[in-house]
Amino acid sequence: METLLVKIFATALTLSQVTTAPEAITTRFDREADQPRVAALLRAGCTHIRKAFDIEDINLDDLIATAMDDPQAIGDSKAFRGINFADLLTAYREFCKNEQVPTPAVDLADVIDFYNKALTDLPDHTKLKGLKLPGASVVLDRKGERFAEVFEENQRRVWVVLADIPEHVQKAFVAAEDKRFYEHKGIDERGLIRAFIANLANSGHPQGGSTITQQVVKNLLVGEELTYERKIREMVVASRVEHTLSKAEILELYLNSVYVGRGAWGIELAARSYFGKTAKDLTLEEGALLAGLVKGPNYFSPDRHPGRAQERLAYVLSRLREDGVIPAGKGSSRRLPALPTMVAYERPHRDIGFHFVDQVAREAQSVAGIEAITANSYTVRSTISPSLQRATEEALQEGLWRYERDAGRLQFRGPEASLAKAVQRLEAQRTTDDKKPAWQEALANARLPLYDVHWTPAVLVEKPTGKKGERWRVGLVDGRILPLSLDNGLAQRKLALYDVILVRVVEGGGKNKGAARAELRVRPVVQGTVVALENKTGRILAMAGGFSYPLSQLNRATQAVRQPGSAIKPLSYLAALGKGLQPNTLVEDDEITLPPIGGGRDSWTPKNYDGSSGDTLTLRRAIENSRNLATVHLLDGGIEKKPEASLNRLCDLALEAQIYRECVRYYPFVLGAEPVRPIDLAAFYAAIANEGTRPIPYVVEEIDRDGEPIYRHQSANVPITSVDHAAFYQLKSMMQGVLARGTARSIAHLAPYVAGKTGTSDDENDAWFVGFTNDVTVAVWVGYDNAGGKRRTLGGGSTGGHVAVPIFESVIQASWAHVAPKTALAPPSPEARRQLTCQSVDLDSGEVQRRGGITECFRIDRRGKIVDTQYRLLSHQSAFAKHGDDDDEDRPVRSRRRERADSDDRPARARRAHVERGWQWYGQREWRPSPWGQVFFWGR
């Protein structure tokens, strides 16, 4: 007994039932008791099929006799390999001729077993009723231009109702795929016979004889596995579908589910992809071409094989003539019809914003109640600025690579790909007319794994011969060949000819003007995130959730929390200013031990970054140089009278500002021990820029379906009412000083336009810089993922000023180029101005003076006088007791030197131009006090 014959007769048993008694299909038989019934069904089915052969004018007996005389006459079709034709003839005599055979060729028990197994756990056909297939949604950028398409794998479609598909297009698909669609009940036995005969004659491109209903079932319910089991399931479910759905419903599902090439599923997207129009505007010839492609989108592709596409078009048009859709004789010619005019095919390509688009999908679900953005075809207007997004990703990728290079942590693990085989194949196919070298064509067609990394792919085309000064040379897609700069020998030992690597192209300059070179770039292990949001609205303009989306889909801006370190300190200074302290209030930067909280047993003794202590600083100088001890001293009387009460106030303020959803009350919180999401920290800094109005970050402006809006974002900024405008402005001015003189002084040239704060957590596990202009806030975090709960340090000295600030500078410069112009930070609002007056003060002592120093804005009382809090936290005597009576003159100089050494973020050395603090250059060597805030102008 042949297994193949069992499968054939199990399939015949299925076909017999769906063609003779589709309303009463049995899906399970008893192995012993039902054999007579199964035999009867096989005989009934054979009788039915013989009639179909007669209708098709095919003599079944003659066909079988031919096969018995010469089995090779049926060709070399895979469908007939392994069949014992003697057994097949015996079975035919038994079930179709009703003859008695001495030894049955088919064991019906085995047939029943196979049949029962094939029909176990059939899919629910009723779910096709009213089914709308997943669609491709379009994401627009902030200007309303197309940015991205979002769709499930193999589901790039736009659903269209049958009424919007022209009748001639519907008829073209029916003519091409299922001539008797409106007559059969799911299975067309005559179509099966035609396919059977065609396969006997032509073994090259087999036909299946499946109806449109069967194709819908195959595509949506039972899968495309090429087995007898699948075919059996497909026929039974197709028969059931015909009793559940109307022909119109089946055809609508079919026209929206078929793959037609050019990355398009369904008639609507196919019409757009091939002809640049909607399905309702398709001509008959255009519809006929698309209908012909369903049989083999790649094989009949008009882009790759126009001759085959013409032959297939001619076939579909001839079927339409037979059906009377096209008048007889019209267009009939021995010549192949010309292909309809098509639009150029541009393969959908995007290399930026993958983490951002993921956030769009999540937000659409959370705020608009859309279960999945791919469940339908939506148009989503987002907040993204594509040019800033690209610049942000480039800055982060280059910054992470630069950190690992400078820290000596780069590890070259191998090339991105090898094109050796592709180059060999292309060279074997080359002709004398080919102008491009094989390596260039191979590189242009290569699909690299890191499709969102913005370094340049290059292929190694020349090896060094060993002579002194010779280097690898790489080829670029544009055809240029450049020398390659390698940072270490390890990479060179792992390279081979035609390997693909990533490089940064450095154009020639200086003495080597015109000579460009390629610098090797290596994937870093360190991670990072950057988020840029609009201060007034909360629109997220750019978001890089990690080094590369293919390597990690985790969006570290919104889905991860990390310790902010000193980047949280502005919260403490805001609370202190809100309680009436002034920027020139003196605070001790001395050792302090805070008592246990709530009657506990553990007190807390913090340390400065470098372990030093013993100075006295103004609040301004304390935040500029990020002094831990000075910040902690604010808990003891600077915010509330008692440390525990101060901590409670900070937690309340953090919750009001929505930095945290809940606040764990423990002292290290004030130095950044409580992890925070970068997006939440960015929103808090935007609130400082806005003088107390916190924006709600978002990425979705509007969602439309079929041209109708189903969601629109409503602005929902949150005022932080427990602190007034004056305190927020004072804090903003103090944070400008972080750039001018403090831990971010490597970008001091940006101080007139930017305020911000560095942050570094314990053991340099996290490096931060968050800063803002009048328009945009940018938060940068760098660190290693805590995989497996293990923390990995960035290494000694790898602080926010070293690691995060350079990335921030690149992004903020891009924001000025692409989002809002570069402007000096705004003066206080009218609300803050009514509470403030500005005076010139000595930077270190905070003493008001008539000229020189810096301009500081002070809170005033109802009579317009400055509220003097300079010695509120410690007396005049104790403030200078540490320095001695004769040391006052030298103290500011010593203090500046110490503060520069004590910085918790020690930036690289930089040449600093002369600065006139708080004065503006008006030309002709004339300086005047700036009217508001602290403004820095460098050089002349």
Side-chain angles (χ1 to χ4, degrees), residues 1-46 48-49 77-84 87-88 91-92 94-96 104-128 184-189 191-193 195-196 199 206-245:
M1 176 66 197
E2 295 186 38
T3 302
L4 183 56
L5 207 57
V6 169
K7 295 178 180 181
I8 290 173
F9 271 84
T11 307
L13 176 60
T14 309
L15 181 60
S16 173
Q17 293 188 84
V18 299
T19 55
T20 62
E23 297 85 0
I25 299 175
T26 300
T27 57
R28 187 166 192 84
F29 293 99
D30 184 271
R31 190 175 194 274
E32 302 297 336
D34 286 333
Q35 288 191 29
R37 185 183 171 199
V38 167
L41 285 170
L42 288 171
R43 291 189 178 95
C46 191
H48 185 84
I49 293 297
S77 174
K78 293 181 180 179
F80 302 104
R81 291 177 187 170
I83 293 180
N84 185 320
D87 286 342
L88 189 60
Y92 174 72
E94 181 180 1
F95 295 109
C96 294
V106 179
D107 186 336
L108 291 182
D110 290 342
V111 172
I112 291 173
D113 286 345
F114 186 83
Y115 176 87
N116 289 345
K117 182 180 178 181
L119 293 180
T120 301
D121 296 327
L122 283 176
D124 181 10
H125 64 284
T126 62
K127 70 179 184 181
L128 296 182
H184 63 66
K185 298 298 182 182
I187 307 298
D188 183 11
E189 58 271 30
L192 287 171
I193 291 167
F196 178 79
N199 288 336
Q207 299 183 21
S210 294
T211 64
I212 284 177
T213 311
Q214 286 177 274
Q215 293 183 54
V216 168
V217 169
K218 177 184 69 174
N219 293 336
L220 304 180
L221 293 178
V222 301
E224 301 186 6
E225 188 180 6
L226 295 176
T227 63
Y228 281 93
E229 292 92 327
R230 191 268 294 172
K231 200 68 178 178
I232 291 171
R233 295 166 67 83
E234 176 190 296
M235 287 192 289
V236 172
V237 177
S239 178
R240 291 179 173 179
V241 167
E242 286 278 348
H243 289 83
T244 306
L245 277 64

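- To the nearest 0.5 Å, the span separating CD on Gln35 from CD1 on Ile112 amounts to 5.0 Å.
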(request) Apply the test side-chain contact (heavy atoms from CB on, under 4.5 Å) to residues Glu224 and Arg230: give CA-CA distance (whole Å), side-chain angles for both, the deciding distance (0.1 Å), then the verdict. (result) CA-CA 8 Å; Glu224 301 186 6; Arg230 191 268 294 172; 5.6 Å; no
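- Here the straight-line distance linking atom CD1 of Ile187 with atom OG of Ser210 works out to 7.5 Å at 0.5 Å rounding.
- Side-chain contact between Val216 and Leu128 is present, with heavy atoms from C-beta onward closer than 4.5 Å.
- The shortest distance between side-chain heavy atoms of Ser16 and Arg43 does not fall below 4.5 Å.
- Counted by atom type alone, Lys185 and Thr213 present zero donor-acceptor pairs between their side chains at under 3.5 Å.
- Rounded to the nearest 0.5 Å, atoms CG (Leu119) and CZ (Phe114) are 10.0 Å apart.
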(request) Evaluate the side-chain contact (heavy atoms from CB on, under 4.5 Å) criterion for residues Thr27 and Leu122: first the C-alpha distance (whole Å), next the side-chain angles of each, then the deciding distance (0.1 Å), finally the verdict. (result) CA-CA 9 Å; Thr27 57; Leu122 283 176; 4.2 Å; yes
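- Distance NE2/His243 to CD/Glu23: 4.0 Å, rounded to 0.5 Å.
- Distance alone, capped at 3.5 Å, is enough to place a donor-acceptor pair between the Gln214 side chain and the Thr211 backbone.
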(request) Would you please test Thr20 and His48 for side chain to side chain donor-acceptor pair (under 3.5 Å) and show each step? (result) CA-CA 7 Å; Thr20 62; His48 185 84; over 6 Å; no
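- One distance of note links CG of Leu220 with CD of Gln215; it measures 11.0 Å at 0.5 Å rounding.
- In terms of modelled atom types and a separation under 3.5 Å, the side chain of Ser239 and the main chain of Met235 share no donor-acceptor contact.
- Using a 4.5 Å heavy-atom cutoff, the side chains of Arg31 and Asp113 are in contact.
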(message) Run Leu221 and Glu234 through side-chain contact (heavy atoms from CB on, under 4.5 Å) and show every step you take.
(response) CA-CA 8 Å; Leu221 293 178; Glu234 176 190 296; over 6 Å; no
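- Atom CZ of Arg28 is separated from atom CG of Asp34 by 10.5 Å, given to the nearest 0.5 angstrom.
- Asp107 has its side chain out of reach of Val6: every pair of non-hydrogen atoms, C-beta onward, lies at least 4.5 Å apart.
- Distance alone, capped at 3.5 Å, is enough to place a donor-acceptor pair between the Gln17 side chain and the Thr26 backbone.
- Looking only at side-chain heavy atoms (C-beta outward), Phe29 and Leu108 stay at 4.5 Å or farther from each other.
- In this structure a side-chain-to-backbone donor-acceptor pair under 3.5 Å is missing from Thr244 to Thr126.
- Using modelled atom types, one side-chain atom of Arg233 and one backbone atom of Asp121 make a donor-acceptor pair closer than 3.5 Å.
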(request) Please report the C-alpha distance between Tyr115 and Val38 in whole Å, then the side-chain angles of each, then the deciding distance to 0.1 Å, and finally whether the side-chain contact (heavy atoms from CB on, under 4.5 Å) criterion is met. (result) CA-CA 11 Å; Tyr115 176 87; Val38 167; over 6 Å; no
